[in-house]
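Okay, so here's the structure we're looking at.
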Amino acid sequence: VAEVAESAMPEVVAITSVSVQEIPSFFGIYGFSTYGTVEQFSSESSGSGIIVGENEDELLIATNEHVIDGASEITVTFIDNESVAATVKGTDENDLAVVAVKISDIKEETLNQIKVAAIGDSEALKEGEQVVAIGNALGQGTAVAAGYVSALNQTITFDNVEHDVIQLDIAINHGNSGGARFNMRGELVGINEAKGVVSSTGEAADGMGYAIPINEAEPILNNLMNRQTRDKTSEEEQGFLGVSGINVSSDASSMYNLPAVSYTHLTLPTNSRV
């Protein structure tokens with residue numbers, strides 16, 4: 001396990017994503033809930049990634065889609081603790097994503113320490129075979145865990161989408177998502193996705209996790225790696241859809257068969273984006 005970890009550590013990264021949530025505030029007027037202002041709150045989450053490719057300009061990193069979903073900022077931290085900004089290359093409904101880091105942004109010392117993961121064959125795995133997991137456990141930096149393949153060809157469901165996974169007796173905790181699962185030859189055979197949950201009760205199961213088989217993930221990742229990188233557009237260059245609210249008078253209501261509405265008395269749900 002120590003030999004696998006030493007060889008594979010340079011292939012694994014920690015991912016930090018920052019997302020901004022807009023929450024409308026309300027105040028009451030004559031018994032009505034009235035929209036006031038929108039407050040923005042930043043939240044930070046942790047995940048993991050694996051270096052799976054590179055091109056002339058970019059280093060390409062695989063992770064779970066839910067790790068970077070809705071992120072306004074993404075930062076990748078390499079084995080030497082150097083952190084670099086990343087952008088989304090592409091995402092897929094199978095909970096896979098690729099983020100890109102500009103090679104020009106990476107220090108030469110860091111480039112000399114990292115490497116692209118060797119891809120293995122997840123279909124060759126057997127129940128009872130030993131595997132090694134490396135990921136950003138609990139957001140505290142890359143850590144190593146070892147265990148065994150518990151079951152093959154398992155299915156779990158997230159957001160009404162079924163995922164074919166490998167079940168292992170290694171706990172997957174916050175921050176491990178998107179991390180690597182290696183066989184004892186140091187080859188990437190899975191991408192950590194979820195911790196075990198007892199479906200009948202919804203309770204977390206101890207010492208059990210699921211990984212996306214690399215044979216399922218590889219063609220999806222290859223497709224994502226060839227997409228155009230989504231560089232963040234400055235606020236001045238962003239397009240917008242202009243929508244404003246007006247009062248619907250009784251005359252307009254009769255003419256256009258619309259309900260009479262006073263904009264100042266609209267009640268908006270708390271999860272509306274305005």
Side-chain angles (χ1 to χ4, degrees), residues 7-17 46-71 74-79 84-103 106 114-125 131-136 142 152-156 158-159 161-166 168 172 175-183 185-194 209-231:
S7 173
M9 274 285 196
E11 305 165 4
V12 182
V13 303
I15 296 178
T16 302
S17 61
S46 301
S48 307
I50 313 117
I51 303 172
V52 291
E54 61 181 328
N55 55 39
E56 292 182 357
D57 304 312
E58 301 167 320
L59 197 67
L60 304 171
I61 297 164
T63 186
N64 288 142
E65 191 272 340
H66 73 259
V67 169
I68 52 90
D69 183 33
I74 302 172
T75 303
V76 167
T77 302
F78 297 101
I79 186 174
V84 182
T87 52
V88 176
K89 191 77 170 177
T91 62
D92 185 84
E93 66 175 4
N94 292 287
D95 200 20
L96 290 167
V98 171
V99 298
V101 174
K102 291 181 180 179
I103 293 178
I106 307 173
I114 59 179
K115 62 179 182 178
V116 176
I119 305 299
D121 182 5
S122 56
E123 291 185 1
L125 288 173
V131 287
V132 177
I134 303 178
N136 182 23
T142 49
L152 301 168
N153 304 316
Q154 298 292 89
T155 302
I156 58 176
F158 286 113
D159 296 330
V161 177
E162 290 189 346
H163 302 265
D164 296 325
V165 293
I166 304 167
L168 309 108
I172 299 298
N176 276 123
S177 292
R181 195 64 57 105
F182 297 101
N183 61 21
R185 293 183 293 278
E187 298 167 333
L188 180 66
V189 292
I191 298 175
N192 298 330
E193 180 179 28
Y210 299 108
I212 303 171
I214 196 60
N215 288 30
E216 299 282 340
E218 186 177 17
I220 297 173
L221 295 175
N222 286 337
N223 175 270
L224 298 179
M225 286 192 289
N226 289 320
R227 294 186 182 181
Q228 182 177 358
T229 305
R230 294 189 227 159
D231 291 320

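Atom set for the values below is all heavy atoms of this structure, side chains included, hydrogens, waters and symmetry mates excluded.
Residues Ile212 and Asn64 are in side-chain contact: their nearest non-hydrogen atoms beyond the backbone lie under 4.5 Å apart. In this structure, the side chains of Ile51 and Lys115 stay at 4.5 Å or more apart for every pair of heavy atoms. Counting only heavy atoms from C-beta outward, the side chains of Val101 and Glu58 never approach each other to under 4.5 Å. Looking at Ile74 and Thr87, their side chains never come closer than 4.5 Å, going by heavy atoms from C-beta outward. Phe78 places none of its side-chain heavy atoms less than 4.5 Å from the side chain of Val12. The side-chain heavy atoms of Gln154 and Asp164, taken from C-beta on, include no pair separated by under 4.5 Å. Looking at heavy atoms from C-beta onward, Val132 lies out of side-chain contact with Arg181 at the 4.5 angstrom threshold.
Using modelled atom types and a 3.5 Å distance limit, the side chains of Asn94 and Asp92 yield a donor-acceptor pair. With 3.5 Å as the limit, one finds a donor-acceptor pair spanning the side chains of Asn215 and Asp121.
The backbone N or O of Val67 sits less than 3.5 Å from a side-chain atom of Ser17, completing a donor-acceptor pair. Proximity of a side-chain donor or acceptor of Asn183 to a complementary backbone N or O of Val131 within less than 3.5 Å is not detected. Checked by atom type and distance alone, the side chain of Asn226 pairs as donor or acceptor with a backbone atom of Asn222 at under 3.5 Å.
The salt bridge (charged side-chain N to carboxylate O under 4.0 Å, His left out) check on Glu187 picks up Arg185, with sequence neighbours excluded.
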Check the pair Ile50 / Val13 against side chain to side chain contact (heavy atoms under 4.5 Å, CB included), numbers first and verdict last. CA-CA 6 Å; Ile50 313 117; Val13 303; over 6 Å; no

